[in-house]
Every structure is written in C-alpha cells, then in structure tokens.
Chemist: 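To start, I am sharing the structure in question, which I have written as structure tokens.
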Amino acid sequence: MPEFRVAAHGDARVRYLDSGGDDRGAPIVFVPGFTCVADDYVEVLPLFGRRTVVVEMRGHGHSVAPSGPYDAAARAEDIGAAVAAVTDGPVHLMTFSRGTSYALTW
C-alpha cells in the first residue's frame, strides 16, 4: 500500500509518495509537473511494477518551505532529499512537464 512520507531539507518539508515494494535495484523517482501533487498518482503506482516514489515539489500539496526559496535550484535539492530518504543507490528518473527542468538540475 502506498504511503506518504516526508523528507527534510533545511526548513523545507518535502512530501513524497512511496509505493514500497521491490525496487529491483533502483526505484523509479517521478518528478511531476508544476500543478501536480503526489495524490494524483496513487492509482497508477502499481502499473510501474516496481518501487516508485513521487516527489511533491515545495509549494505544492503538502510540501512546504517556510523561508523559501522557491527557485529551480532549491527544488532540485528537494528531489535529492527525497532520493536520499529512499535509497543510497541508483534511481530511474522519470519526469513530466515542468518537473523535467527540476530533475535535470538535480
């Protein structure tokens, strides 16, 4: 069953959805688009067939960064915080729309 978790990055709290299960050596880390929240992906997680983590960017859904910043570099570091919370190994990076620029920066 997917679970929502939170990774800390400075004073930011980055919420992510973790499907759990077998990551087969490298989980999928999905960085969604600008208007998306992790809740949007609950139903599709089983289709990936392996552990998948959906990162909710700061300022969206339940992810917060009280003192900012909200630029691409900060959001890229948020991706890194979520990745570090789930693995110390390789990942498969998957993106959609505006999430692509943050992921590429990471």
Chemist: Looking only at heavy atoms, which two atoms of Thr87 and Pro27 are closest? And how far apart?
Modeler: CG2-CG, 4.1 Å
Chemist: Any ring-ring contact (aromatic ring centres under 6.0 Å, His included) pairs touching residues 26-57, not counting sequence neighbours?
Modeler: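 Residue pairs passing ring-ring contact (aromatic ring centres under 6.0 Å, His included), neighbours aside: Phe30-Tyr41, Phe34-His60.
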Chemist: Indicate the atoms forming the closest heavy-atom contact of Pro46 with Val42, along with that distance.
Modeler: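 Closest pair (atom of Pro46, atom of Val42, distance): CD-O, 3.9 Å.
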Chemist: Donor-acceptor pair, Arg13 side chain versus His62 backbone, under 3.5 Å?
Modeler: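 No, the answer is negative, given that no donor and acceptor are paired below the 3.5 Å cut-off.
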Chemist: Do Leu104 and Val29 share a hydrophobic cluster (ILVMFWY, side-chain heavy atoms under 4.5 Å, transitive)?
Modeler: no
Chemist: With sequence neighbours left out, which residue pairs that include part of residues 68-106 fulfil the ring-ring contact (aromatic ring centres under 6.0 Å, His included) condition?
Modeler: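 Listed once each, the pairs would be none.
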Chemist: Please report the shortest heavy-atom distance between Gly99 and Val31, naming the atom on each side.
Modeler: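 Closest approach of Gly99 to Val31: O-CG1, 3.5 Å.
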Chemist: Heavy atoms, side chains only, cut-off 4.5 Å: are Tyr16 and Asp78 in contact?
Modeler: no
Chemist: Should Val14 and Val83 be counted in the same cluster of Ile, Leu, Val, Met, Phe, Trp and Tyr side chains packed under 4.5 Å apart?
Modeler: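 Hydrophobic grouping puts Val14 with Val83.
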Chemist: Please determine whether residues Val54 and Val91 belong to a single hydrophobic cluster, defined as Ile, Leu, Val, Met, Phe, Trp and Tyr linked transitively by side-chain heavy-atom distances below 4.5 Å.
Modeler: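 Cluster IDs for Val54 and Val91 differ.
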Chemist: Are Arg58 and Pro69 side-chain neighbours, meaning at least one heavy-atom pair lies under 4.5 Å?
Modeler: yes
Chemist: Supply the atom-to-atom distance Ser19 OG to Met1 CE, rounded to the nearest 0.5 angstrom.
Modeler: 12.0 Å
Chemist: When you group the ILVMFWY residues by side-chain heavy-atom contacts below 4.5 Å and let the links chain together, are Phe4 and Met57 in the same group?
Modeler: no
Chemist: Can you tell me if Glu56 uses its side chain to pair, donor with acceptor, with the backbone of Arg15 under 3.5 Å?
Modeler: no
Chemist: Does the side chain of Glu77 reach to within under 4.5 Å of the side chain of Thr105, using non-hydrogen atoms?
Modeler: no
Chemist: Mind listing the closest non-hydrogen atom pair of Ala8 and Ala81 along with its distance?
Modeler: O-CB, 3.9 Å
Chemist: Between Ala38 and Leu17, which heavy-atom pair has the shortest distance, and what is it?
Modeler: O-CD2, 3.6 Å
Chemist: Hey, could you give me the CZ/CG distance between Arg51 and Asp22, rounded to the nearest 0.5 Å?
Modeler: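 Output value for this atom pair is 10.0 Å.
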Chemist: Can you see which heavy atom on Gly25 is nearest to which on Pro90, and at what distance?
Modeler: O-CG, 3.8 Å
Chemist: Between Thr52 and Leu45, is there a donor-acceptor pair closer than 3.5 Å when you use the side chain of the first and the backbone of the second?
Modeler: no
Chemist: State whether the side chain of Asp18 and the backbone N or O of Arg5 hold a donor-acceptor pair below 3.5 Å, judged by distance alone.
Modeler: no
